[in-house]
Amino acid sequence: MRAVVKNRIGVLTPQGFIDGINAPSFLTLEDLHATEKLNIDLLLISLKKVIFFNRNGLDIFVKALDNLHSKMKIAVGFCDYDHKKYSAIMKFYGNKITFSLFRTQKIAELFVSSNKAENHDVLLYNDDPSQRSAMAIELFDHGHNPVIAQSQKEFNEKKQNKDAYYAIINDTYLGLVGQNIATRITGNAIIYTLNGFLDAEIAENFNISYHNNSLNVGFRLFIFDAYKVISMNIHALNFFARLSAAAAEYNATICFVGLTFEKTPETFKNDLEDAGLMFFGEMDDILKDKELLKELGASSAAMGKSKRALNKVIVNELPRFIEATVTTMEMMTNAKAQKKAVQVQLLDIELQEEKIASSIGFYGDIDGMIILVFPQAIAKKSCELLIGEVTDDMELILDSLAEFVNIIGGRVKSLLSEKKVSVDITLPRTYQHIPDLLEVIAQKRGVQVDLAFDDDSFTFFLTR
Amino acid sequence: MVTEKEIQHYIDKIPPTPAVLQQTLAFINEGDLTKAAKAAQEDPALRSYLKVLVNRPIYGFKGEVSNLPQIFGILGTSGAQQVLYNYMMSLLSPDSWHLFKLTDLSFHELQAQLSRKWHDILQYEGINDKDIESAITLLPASIIICEALFKGRQEEVALLRSTKALDYNTILKRLSGKDLFDISEDIANSWEMPQIVIDLLHATSGLHPSSDKTVDRLGRWMHLLLFFELSQENYVKAGLNDFLDFDIDYVEAIYEPFTTLMDIQ
């Protein structure tokens, strides 16, 4: 059983009956190794299609989840269950529960980083006050606004007003959280939340690939929310200095907010300022100051890094990129593709208002970015397989397009690995408006391939 | 990926019911098991299939049963028709399995388990109808069709499924407008299987509840039975657990009696 990954959440979905005999077959060693390679913050086992489980079966899943939590430093748990299943699990594990329980995947998504700048009002209740507080803190950390019911009665009253909340959180339990650093996006700024003592472990817990991806796709302001930091040592200081130096290549800015120097040497502040980091007392000092935001680069998504040319290695692999794209497009549309033109040039898109786009970065032995530009009609068609119906809902189309480009990224990775070229792929990004895309890639040259699928045209662009 | 043309090509290649089988089934329909056994005698492969089948532990005979009239006598008209349909289905199964990690033996075992447990369910429901008893035999057709259409496309499907939890049936339906059950219906028509078999098959999919109360209820039983079997260790390992979509709500009404009948604790 392999996980489906969306928004950095991996979900495994067993079906039917689970007991101590068949549970190991759902999560084989091969499956666990494949899961370890995923770039995720949360791994869940969905119980939506499980009609029966017993303690022995669940024990095997819990053991596997615990191992993955330790190895991957991610949060793990179960989701998609009803009250009866929730009660059974709580009865099985009582106060020894280490994993999380999210009544729905939608609730789980509120507790992880997202590429979307969405803050939601949510109603929260748990009869355990410490759980209520822990969940409320996590939700705040991820930029949401939890309304906390202090009693079952208050919860029952408040939940009558369903429309007031994006989600109603109950029958949910927060176990050990992931040790990776929480990340959220506000506008064009990325906010990382730090806690406690910062030492050499910061390098392990910080998701550097996510950060590099964010730089690659055009983010230029990175804020470390350090209100809950107690102190940092020299290893952490060196880490931030290196991060700042790397960001400078992209003309990006890194800031600390709320860091106090009671237990951290004052000289560290000077060293970090010398490395290019900036310090602010309050988050609002930055986020509510439009002029400052503009100055720091958060009002623009433009690429700051000096333009890098396509190199021979990447051009050699071009056929693989095109093959991955074409076969995936053919799979999704059930139509045959025809290559029309291949040229090294600036991205040139005609009839921009009728098109949408998506991009995905890759890095490792080679690095670069694949950009796909779709006429809206072909985008809709290629997403039909994922959505299951024809839709005009642009948000749904863009979401599916992100999944679609993720499939292409996965295919590129697999094709390159056959040639012993190792790459990782970044999160996909979508563009409803082509000018937004053009702003991101600025004057970068790349290989543009124009393809035709039946009567529709489609553009593939590979750049660095 | 899978096109309508490929599906049509697959359907066109479904072999007609062999003459010996047609005749054997006709005698069974007349209730003449002696003549049915005599007709079956003409097909060495069928003869061998029947002998191996009834001597499996699931049938619980102490000594070896090898005489065809004896076998037909043991099976009765309902059992004999069901076994013959199972045999026809096995003629359609591939020489070697690629998409699913199955063997002839494990596929036959699945057929046998489904048939046996379906028989228990029908007894519980107080239904004694040989066509309904045989309806279970068409269910594994969906596995054979899935293997045939997707066997060269594991990588594409794996990539697609890494992004979205889609079962094979949904993928096929979205690509071609036809699902595994529609194609199974084509097989049933080609083999002139009774209409009740087809109706039950569609109800079993969980996608098309029947307006006939009996068919609807039996469809729910069969849906749950299928996923009970596909949750068994060997079939999970074979990759069969998620090839179709299991609908918990659909089987809610018969879940409690099912657990009692199957002795699930």
Side-chain angles (χ1 to χ4, degrees), chain A residues 1-6 10-28 34 38 46-52 54 57 80 82 324 327-328 330-336 383-389 400 402-411 413-415 428, chain B residues 1-7 101 153-167 170-177 206 223-252 254-256 258-259 262 264-265:
Chain A
M1 185 174 53
R2 297 299 161 92
V4 170
V5 179
K6 192 176 178 190
V11 181
L12 298 154
T13 311
Q15 297 198 120
F17 298 72
I18 292 168
D19 57 28
I21 297 170
N22 68 2
S25 316
F26 282 105
L27 268 180
T28 61
L38 298 174
S46 169
L47 299 176
K48 185 167 57 181
K49 293 176 184 176
V50 173
I51 197 161
F52 167 90
N54 62 18
D80 298 331
D82 56 15
T327 51
T328 309
E330 288 181 345
M331 174 178 90
M332 304 291 277
T333 57
N334 248 359
K336 278 278 166 203
C383 294
E384 261 176 54
L385 181 60
L386 293 173
I387 300 171
E389 59 186 7
S400 298
E403 288 171 18
F404 175 53
V405 77
N406 214 16
I407 294 174
I408 293 177
R411 193 158 217 161
K413 186 177 168 176
S414 143
L415 285 171
Chain B
M1 196 155 33
V2 181
T3 61
E4 286 172 54
K5 203 174 162 188
E6 278 176 79
I7 292 171
K101 293 183 189 114
R153 298 180 164 100
Q154 286 113 306
E155 202 190 330
E156 289 172 61
V157 173
L159 271 170
L160 187 60
R161 294 174 78 172
S162 67
T163 302
K164 191 109 179 172
L166 295 174
D167 62 291
T170 307
I171 294 172
L172 193 62
K173 180 83 180 175
R174 289 184 185 177
L175 284 171
S176 68
H223 188 75
L224 185 53
L225 172 60
L226 178 66
F227 281 94
F228 177 64
E229 271 317 302
L230 298 186
S231 298
Q232 302 303 314
E233 190 186 7
N234 285 341
Y235 303 121
V236 176
K237 279 183 186 164
L240 284 171
N241 182 261
D242 55 358
F243 95 103
L244 290 174
D245 199 29
F246 178 39
D247 185 347
I248 287 188
D249 296 336
Y250 188 55
V251 298
E252 205 180 349
I254 46 99
Y255 176 66
E256 286 304 328
F258 184 87
T259 54
M262 298 297 149
I264 297 163
Q265 287 160 6

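Values reported hereafter were calculated over all heavy atoms of this structure, with side chains retained and with hydrogens, waters and symmetry mates removed. Naming: A, B, ... by sequence-line order, numbering from 1 per chain. Here the structure is a predicted model, which is why all the values come from computation and not from measurement.
With a 4.5 angstrom heavy-atom cutoff, A:Glu403 touches chain B via backbone and side-chain atoms both. With a 4.5 angstrom heavy-atom cutoff, B:Leu226 does not touch chain A via any of its atoms. Only the side chain of B:Glu155 comes within less than 4.5 Å of a heavy atom of chain A; its backbone N, CA, C and O stay farther away. Only the side chain of A:Ser414 comes within less than 4.5 Å of a heavy atom in chain B; its backbone stays farther off. With a 4.5 Å cut-off on non-hydrogen atoms, A:Val50 touches chain B through its backbone but not through its side chain. Looking at A:Arg2, there are no atoms closer than 4.5 Å to chain B (heavy atoms on both sides), in backbone or side chain.
Applying the salt bridge (Lys or Arg N to Asp or Glu O under 4.0 Å) test to every pair with at least one member in residues 225-234 of chain B, sequence neighbours left out, gives these pairs: B:Lys117-B:Glu229, B:Glu233-B:Lys237.
The two residues A:Gly16 and B:Ser231 make their nearest non-hydrogen contact at CA-OG, 3.4 Å. The shortest non-hydrogen separation linking A:Asn22 to B:Gln232 is CB-C, 4.5 Å. For the pair B:Val251 and A:Ile51, the tightest heavy-atom approach, listed with the atom from each and the gap, is CG2-CD1, 3.5 Å. Nearest approach of A:Glu384 to B:Arg174, heavy atoms of both residues: O-CD, 3.9 Å. When every heavy atom of B:Lys164 is checked against every heavy atom of A:Leu386, the shortest pair comes out as CE-O, 3.0 Å.
The OG1 atom of A:Thr13 lies 10.0 Å from the CZ atom of B:Arg161; values are rounded to the nearest 0.5 Å. For the atom pair A:Asp19 CG and B:Ile264 CD1, the distance stands at 9.0 Å (nearest 0.5 Å). Note that CZ of A:Phe52 and OH of B:Tyr255 are 6.0 Å apart. Values are rounded to the nearest 0.5 Å.
Panel note: side chain A:Gln15, backbone B:Leu244; a donor-acceptor pair is recorded below 3.5 Å.
Between B:Phe258 and A:Phe17, the angle of the ring planes lies from 30° to 60°, which puts this pair in the tilted group.
Shown here is A:Ile21, whose CD1 atom has no more than 12 heavy atoms of other residues, nucleotides or ligands within 6.0 Å. Atom CD of B:Glu6 has more than 12 heavy atoms from other residues, nucleotides or ligands within 6.0 Å.
Evaluation of the side chain to side chain contact (heavy atoms under 4.5 Å, CB included) rule for A:Leu27 yields A:Met1, A:Leu12, A:Asp31, A:Leu32, A:Ile45, A:Phe61, A:Ala64 as partners, not counting sequence neighbours.
Comparing B:Ile171, B:Asp245, B:Thr170 by how many heavy-atom pairs each has under 4.5 Å with chain A, the most go to B:Asp245. The candidate from B:Val236, B:Leu224, B:Asp247, B:Asn241 with the greatest count of non-hydrogen atom pairs under 4.5 Å with chain A is B:Asn241.
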